2 protein chains.
Amino acid sequence: MADVARRAGVSAQTVSRVSNGHPSVVGSTREQVLAAMRELGYRPNSAARALKYGQFRTIGVILFTLSSVGNSRTLEAIVDQAAEEGYAITLIPVAVPTRDGVLGAFTRLGELAVDAVIVIMEIHLLDAATVSLPAGVPVVVVDSDADDRYTVVDTDQVDGARQAVRHLLDLGHRTVWHVAGPEESFAAERRATAWRTELEGAGRVVPPLSRGDWSAESGYRAGLALAGEPDCTAVFAANDQMALGLLRAFHEKGKVVPRDVSVVGFDDIPDSGSFVPPLTTVHQDFTEVGRRCVERVVRQVRNEPVGPGTTLVPTRLVLRASTAGPPA
Amino acid sequence: MADVARRAGVSAQTVSRVSNGHPSVVGSTREQVLAAMRELGYRPNSAARALKYGQFRTIGVILFTLSSVGNSRTLEAIVDQAAEEGYAITLIPVAVPTRDGVLGAFTRLGELAVDAVIVIMEIHLLDAATVSLPAGVPVVVVDSDADDRYTVVDTDQVDGARQAVRHLLDLGHRTVWHVAGPEESFAAERRATAWRTELEGAGRVVPPLSRGDWSAESGYRAGLALAGEPDCTAVFAANDQMALGLLRAFHEKGKVVPRDVSVVGFDDIPDSGSFVPPLTTVHQDFTEVGRRCVERVVRQVRNEPVGPGTTLVPTRLVLRASTAGPPA
DNA sequence: CGCCGCCATGTTTGCGTAAACATGAAGTCT
DNA sequence: AGACTTCATGTTTACGCAAACATGGCGGCG
C-alpha cells in the first residue's frame with residue numbers, strides 16, 4: 001500500500017480510501033491511485049483487513065462427507081447464497097465421524113478464520129462436542145434434532161414422509177414398507193417415525209423396518225429381501241439412491257415396478273427421473289435450505305439475534321412412473 | 001492474549017510461546033499459561049497470525065458447480081488432503097459460467113485470504129481470465145487443456161475412453177457409438193477424440209456423434225434416437241449419468257441391455273453398480289486427483305517449484321452386466 | 001472584506017501476534 | 001573466584017490496514 005501511495009504521490013490513507021470506495025476522494029486523485037494500483041498489481045491484504053475489522057467475512061461449514069447428494073447440493077446452495085451476501089465459505093471436514101473427530105473439527109474451527117459456522121450433520125455427535133464450541137460463534141445446524149440451543153434449518157422430513165405414505169395408501173395399498181437410513185441419522189429417524197405414525201394413524205399394519213445406509217447397494221440388499229415378501233406391494237425408501245437399489249432388486253427378482261410393487265423415494269435427485277421406471281419421490285428443496293442457513297447465520301453475525309428454533313423447508317411429492325395401485 | 005498474560009502473571013510473548021509450543025518455556029510456567037487460556041477461553045486470532053506470517057494456510061478452490069458427481073468428489077478429496085497438510089479450503093463459486101463470471105471469481109480471489117488456488121473447470125473460460133490471475137499465486141488446474149502455463153492434474157481421459165472402446169470392440173461389436181458431453185468441456189472433448197481415434201485405429205466406421213450435457217435426461221434423449229439405429233449395438237457414454245439415461249431409453253424402446261445393445265459409462269459413480277443392469281464403466285480415481293492437486297499446490301506454496309506440466313491419474317475399466325457380445 | 005465551516009487529504013494510532021533483541025539469573029569452566 | 005555461557009522470560013517492533021483526529025485551502029455568508 002505504501003508503494004502505491006508513493007507512486008500516486010498521495011498518502012497511504014488515500015489509497016485505503018480509494019480501495020474501499022470512500023466518497024471523499026476527488027476524481028483526479030482517485031484516477032492516479034487506481035493507475036498506481038494497476039501498475040503495481042496491488043491487492044489488499046485480507047489478513048490485515050480482518051485484523052482491523054475483527055471479522056473475516058467467512059462462514060465455516062462443518063460436514064462429514066460430500067458423497068451424499070443432499071450434502072453437496074446443500075453446500076452448493078450455501079456457497080452461492082454466501083457469495084451473494086459477501087461471505088466466503090471455508091470447509092471444515094470431519095475426517096472420521098466419531099466423537100473425537102467432531103471435537104477435532106471444532107478445535108480446528110476455533111483457530112480458523114470464520115465468523116460463524118454451519119453444521120451439516122447428525123447432532124448425535126454434535127451433542128458430545130457442544131462443550132468445545134467456541135462461545136460467541138454463531139451456529140446454524142442442518143439435519144439435526146430440533147434442539148433449542150441452536151438455530152436449526154431443515155427440510156420438513158415429517159411432512160415429506162407423510163406425503164409419500166399417504167400417496168401409496170391413497171393408491172389403494174394395504175400398507176407401506178419402509179427402507180430406512182442409518183440409525184445415526186436424525187433425518188432417517190424422523191422419516192421412519194413419520195412413516196410409522198402415518199400408518200398407525202390410518203389404522204394399518206406396520207410392517208417390519210428394513211435399514212440401509214443411504215447407498216444404492218444397501219437398498220438393493222433390502223430389496224432382495226422385500227421381493228420375497230408376497231404382501232409387499234408398496235415401499236417407501238428413505239432416499240432415492242436406496243430406491244434405485246430397490247428397483248434393481250425387484251427387476252432381478254422378476255417383480256415389475258409399478259405393476260407388482262410401487263416404490264417411492266426421497267430427495268428427488270436429478271437422476272431419479274431417469275431411473276427405470278422414473279421414480280416417484282419426495283422433492284427436497286436443498287437450495288432453500290442452504291439459503292436460509294446463510295441468511296440466519298449472517299443475521300446472527302450482524303447481531304440481529306434470531307432466537308434458536310427450527311425453520312422447516314417444505315417438501316413436495318413428485319409423481320412419476322414408479323407408483324400405481326396394488327396388483328389386482 | 002494480554003488478558004491471558006496478566007492472569008498467568010507472565011508476558012504476552014510467553015503466552016505466544018506456549019500457544020505455539022515453543023520449547024523454551026519451563027513446565028510450571030507453561031501450566032499456568034494453559035490454565036489461564038482455558039479459564040479465559042482464549043483462542044488465537046488467525047487474522048493477526050496470518051498478518052504476521054504472510055500466509056493463510058488456506059487454499060482457494062474455484063468451481064462452477066457441485067452438482068456433478070465428479071466435482072463434488074474431487075472437492076471432497078481436496079478437502080481431506082488439505083486438512084491433512086494443515087490447510088483449510090475456501091470455496092470460490094463462479095455463479096455464471098461465462099467469461100465475466102470467471103473474471104469476477106478471480107477478482108474476488110484477489111481479495112480472499114488464500115495462499116494458492118485450485119481451479120476445477122473448463123479452461124476455455126480460464127484462458128480469457130488468465131490476465132487477471134494475481135501474479136505470485138500458485139495455481140493448479142483440474143480438467144483442463146494440457147496448458148503448459150499451469151500445473152495440471154487430471155484423470156487420464158484418453159486412456160479411459162480407449163479402454164471403453166477397446167472393451168466393446170473386443171466383445172465383437174463392429175463399431176461403437178458415442179454420447180459425448182458438452183462441447184465446452186475439455187474432458188468431454190478428449191473422451192470423444194479418443195473414442196474416434198481408437199475406432200479409426202482399428203479401422204472401424206465412426207458413427208455420428210450424439211451430444212448430451214452430462215445429465216441423465218440428455219442421455220435419455222440421445223438413447224431414444226440411438227434406439228432407432230438398427231446398427232447400434234454398442235454405446236460408450238461420456239459419463240455414468242448419461243449412461244443411466246441410455247439404459248432407460250433402451251428399456252422403454254424394448255431393447256434389452258446387454259443382449260441387444262451394450263453400454264459403457266465413465267466415472268464409476270457409486271450408484272452405477274445398482275443401475276439396471278449394473279453398468280460397465282471407466283473408474284476415475286477422484287481421490288487421487290484431489291490428493292495430487294493439493295500436494296502440488298502446497299509444494300508451490302512452500303517454494304519447491306513444480307514446473308508446469310500435466311499429471312495424469314490412471315483409470316480402470318470396471319466390468320459389470322451392461323456389456324456383452326453383439327446380438328447374433 | 002473577513003470570518004466560518006466544509007471538504008479533500010495527511011498523520012497518528014492500534015488491531016493481535018511473533019520475530020528479534022534485551023535482560024538477568026543460574027550454572028560452568030579455568 | 002571471576003568471567004563466560006546458557007536459558008527462561010521480558011521488551012520492542014513491525015506485519016497492512018483504516019478509524020480517528022489533524023491540517024490547510026477554498027467558497028459562502030454577513
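Sequence lines set the chain letters: A, B, ... in the order given, protein chains first and strands last, and positions in each chain run from 1. Predicted, not measured: the structure shown is a model, and the values here were computed from it.
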Q: Would you sort out whether Arg73(B) and Glu76(B) count as a salt bridge (Lys or Arg N to Asp or Glu O under 4.0 Å), showing the intermediate values?
A: CA-CA 5 Å; Arg73(B) 293 191 53 197; Glu76(B) 178 159 42; 6.0 Å; no
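For DNA chain D, the neighbouring residues in residues 17-27 of chain B, judged by any heavy atom under 4.0 Å, are Arg17(B), Ser24(B), Val25(B), Val26(B). DNA chain D lies under 4.0 Å from at least one heavy atom of each of the following residues of residues 28-40 of chain B: Thr29(B).
Taking the screw axis at each terminus of the helix from dC1(C)-dG30(D) to dT30(C)-dA1(D) from five consecutive base pairs, the angle between the two is 50° to within rounding of 10 degrees.
Rounded to an integer number of Å, the gap from OH of Tyr53(B) to C1' of dA20(C) is 14 Å. Arg6(B) places its CZ atom 14 Å from the P atom of dG10(D), with the value rounded to the nearest Å. To the nearest angstrom, P of dC17(D) lies 19 Å from CD of Gln55(A).
Screening Val152(A), Thr155(A), Ile118(A) for a side chain to side chain contact (heavy atoms under 4.5 Å, CB included) involving Val142(A) leaves a single residue, Ile118(A).
For dG16(D), the OP1/OP2 oxygens have no side-chain nitrogen or oxygen of Ser16(A) closer than 4.0 Å.
Between Arg291(B) and Glu288(B) there is a salt bridge, since a side-chain N of the basic residue sits under 4.0 Å from a carboxylate O of the acidic one.
The salt bridge (Lys or Arg N to Asp or Glu O under 4.0 Å) contacts involving residues 44-57 of chain A comprise nothing, where partners must be two or more places apart or lie in separate chains.
Side-chain atoms of Arg17(B) and Val33(B), non-hydrogen and from C-beta on, never get closer than 4.5 Å to each other. Here the side chains of Val79(A) and Leu75(A) are in contact, with some heavy-atom distance below 4.5 Å.
Put simply, CG on Leu63(B) and CD1 on Ile78(B) are 8.0 Å apart, with the number rounded to the nearest 0.5 Å. Of the inter-residue distances, the one linking Asp154(B) atom CG with Leu312(B) atom CG reads 7.0 Å to the nearest 0.5 angstrom. The CH2 atom of Trp214(B) sits 10.5 Å away from the CG atom of Asn71(B) when rounded to the nearest 0.5 Å.
Nearest heavy atom pair, residue Met1(A) against residue Ser16(A), reads CE-CB, 4.1 Å. For Asn20(A) against Tyr53(A), the heavy-atom pair with the smallest separation is ND2-OH, 4.2 Å.
At the heavy-atom level, Ser11(A) lies under 4.0 Å from base atoms of the strands shown.
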Show me, pair by pair, the donor-acceptor contacts under 3.5 angstrom made by side chains of residues 83-93 of chain A, not counting sequence neighbours?
from, atom 1, to, atom 2, distance (Å)
Glu85(A), OE2, Gln81(A), NE2, 3.3
Thr90(A), OG1, Thr90(B), OG1, 3.1

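In this structure, Ser19(B) contributes its side chain and Val15(B) its backbone to no donor-acceptor pair below 3.5 Å.
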Restricting both atoms to N or O, compile the protein contacts to nucleotides 12-16 of chain C shorter than 3.5 Å, with distance only.
from, atom 1, to, atom 2, distance (Å)
dG14(C), N2, Lys52(A), NZ, 3.3

